[in-house]
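Notes follow once the structure below has been shown.
Residue numbers start from 1 in every chain, and the chains themselves are labelled A, B, ... in the order their sequence lines are given, proteins ahead of strands.
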There are 2 protein chains.
Amino acid sequence: MSQPTIKDVAKLAGVSISTVSRVMNDSKPVSEDSRKKVEDAIKKLDFKRNELARSLVMKRSNIIGVIVKDIAIPYMAEIIRGLEEVGRQKKYDIFLSSSYGNTESELEIVDFMFRKQAEGIIIVGENISNDVIYKLKENTIPYIFIDKFYDGDFSSNLIDYEKSAYQMTIEIIKRGHKNILFVKDDKDYKIEKLKYEGYKSAIREYGLNIFHINADDVHIEDGYNLGPKLLKRVKEDKISCIFAAEDDLAFGIINYFYDQKIRVPDDISVAGFGGSKFAEIYKPTLATFQIYYYDIGAGAMSKLIKILKNKSLSKDTVTPHLVHCKMEESVGFLNK
Amino acid sequence: MSQPTIKDVAKLAGVSISTVSRVMNDSKPVSEDSRKKVEDAIKKLDFKRNELARSLVMKRSNIIGVIVKDIAIPYMAEIIRGLEEVGRQKKYDIFLSSSYGNTESELEIVDFMFRKQAEGIIIVGENISNDVIYKLKENTIPYIFIDKFYDGDFSSNLIDYEKSAYQMTIEIIKRGHKNILFVKDDKDYKIEKLKYEGYKSAIREYGLNIFHINADDVHIEDGYNLGPKLLKRVKEDKISCIFAAEDDLAFGIINYFYDQKIRVPDDISVAGFGGSKFAEIYKPTLATFQIYYYDIGAGAMSKLIKILKNKSLSKDTVTPHLVHCKMEESVGFLNK
DNA sequence: TTGAAAGCGCTAACAG
DNA sequence: CTGTTAGCGCTTTCAA
């Protein structure tokens, strides 16, 4: 026989299915006698209730749909951990799906989440397409975006990138560096611009000169490819420290230096941003700013659940673009 | 109003709900006229069918439960990608849950997967507890284990660790190394023992001496902590290359050397095993053997789905311990 | 305290 | 080709 149902339990216990349901959910008083009989029957049959049926009648799936770009991206995995842990705590289950950055499949997955009766949706992406945002807005279920690079009309950005970069720059200056070169992307991601602003404030505060160069994007290879151009600037401007807007960029730069026999941090210092896991084990150690991605995930899930519980909250009060982090002293070491 | 149902569509289209169902599923012939009316109604209402209800009546959830130790472990994320991609292709959805290595929660999650009507279960762990295995065996739904270290009574291990380690050792010998020190864990994980066998075969084949030392476990810190002892052996035995059974172990060793100003690979060569993503960007580059974790995931999912489709396959034919990989030339560089 | 019965949204005979 | 009807396994009135 396939899985036992509530009927089988009722029959074995000699009670009605309502009584079984009441025992399982503690929803109404049940006599000690019946309760015992039901519990025994459940144990004997190894009965497990069908959550699908339950969700159907209760109109509550307890499911949160989570759409990520790619779980193999370490910081996203970190976010998911936060989402999951809080979800579990609050009895919400996560339905996870990866889009691999493809808008087409993002739209499909959103639809899919609706069909699976997800009660809310969280999207963890990098530059989420407006089509997806529009689709979410159209619908009735609450949603939250966690997006590093999206530069839309959402403003509640809880990571103070500007201040963090400012602090990092101060840290660098305090270690005796005068000529600090800031490296960011060419795509003008909003968060990189903010970091640049932070860098500039610190530089101005100490009456130093601003040095800046753009890479094509923020990945390791972009850092590496920037190498020759970067090296030229380093020599021209007597740069003693490079501050890359993203850890990956910094890794690329360090790798280029390594291949050119330029020692970090003996010949030149390099700082990154993001608190990449790699930074800890990478040699030479990378100075970086920790972003607490776990907390970003946990915070997002908490918020979504709060919205779910408090249905009086209209959709307008949902802050779609949520990013959050704490800051910590920069780690790693910078020479000089 | 909340989500429209099939009834709303039927009413708007002026047909019965069965017709709507038929249009949606292409399950029976429907007149062009009705079809058009239904499709229009669906579009107008933005109707999305309730998969929960559908699964209930069809007794098919299309859900595969996936239990992982931790998605933040890079190789596990890689496996999940494989699982997911094949799942999506074959129209199976994944319900993902992390156990963080806790047997208690693993057991709970298994129960949970049953209640959610998962059709099959895949567990991606490291040393899966026998309690969990027992629980799975007790039940009716098919399951697959993907476990790196589990040393149980399952035998169909599709990665030939022994041969891979043999090949790696040959590779090292061909580059002129005579005294090669093999480093593995102290826990005697089965796969590490296999690698050791491979190493020994190659060494014997070339009439060289076997050198071997144990770390406490296979993580970065274990490699680092082994440092002093390792260095002593290196000097005593005139070791020119270290072959670590796991990439992480190798990273720890290289880091220790770095801190001791010992240059890799100029002063000594280091090889790892696993094909860690990190190996690619790490400087000095680590020689390593690629394990195709994506393929392991994809293969496991294919296998599970095959079992699902072919219900005649009894549970006995399930190979619970599935591991699979292709091999590739060792990458990275080894001096001398 | 308990059971009978209705119904969640859907599919699948069955009869027309 | 189409509509009516009987459930899937569960929760929840409503009476008893």
Note: [X]-[Y] ion pair, threshold 4.0 Å (strictly below):
X	Y	value
A:K116	B:E51	no
A:K135	A:D131	no
A:R88	A:E84	yes

Does C:dT1 have OP1 or OP2 sitting under 4.0 Å from an N or O in the side chain of A:S34?
->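 Looking at the OP1 and OP2 atoms of C:dT1, neither is under 4.0 Å from any side-chain N or O of A:S34.
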
Mind calculating the distance between CZ (B:R115) and P (D:dC10) to the nearest angstrom?
->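 My rounded result for the distance is 12 Å.
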
Please report, rounded to the nearest Å, how far the P atom of C:dT2 is from the CD atom of A:E32.
->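 Going from A:E32 (CD) to C:dT2 (P), I get 10 Å.
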
Protein-proximity profile, nucleotides 6-13 of chain C, B/S/- by nucleotide at the 4.0 Å heavy-atom cutoff, equals -BBBBBBB

Would you please test A:D26 and A:R35 for salt bridge (charged side-chain N to carboxylate O under 4.0 Å, His left out) and show each step?
-> CA-CA 10 Å; A:D26 251 339; A:R35 159 161 277 120; 2.9 Å; yes

So, does B:T103 use its side chain to make a donor-acceptor pair with the main chain of B:S129 at under 3.5 Å?
->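 Checked: no pair found.
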
Taking atom CD1 of A:I94 and atom CD of A:E85, what is their separation to the nearest 0.5 Å?
->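 Spacing of CD1 (A:I94) from CD (A:E85) equals 10.5 Å.
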
Describe the nucleic acid contact of B:S55 in one word from base, sugar-phosphate, nothing, applying a heavy-atom distance below 4.0 Å.
->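 Contact class for B:S55: none.
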
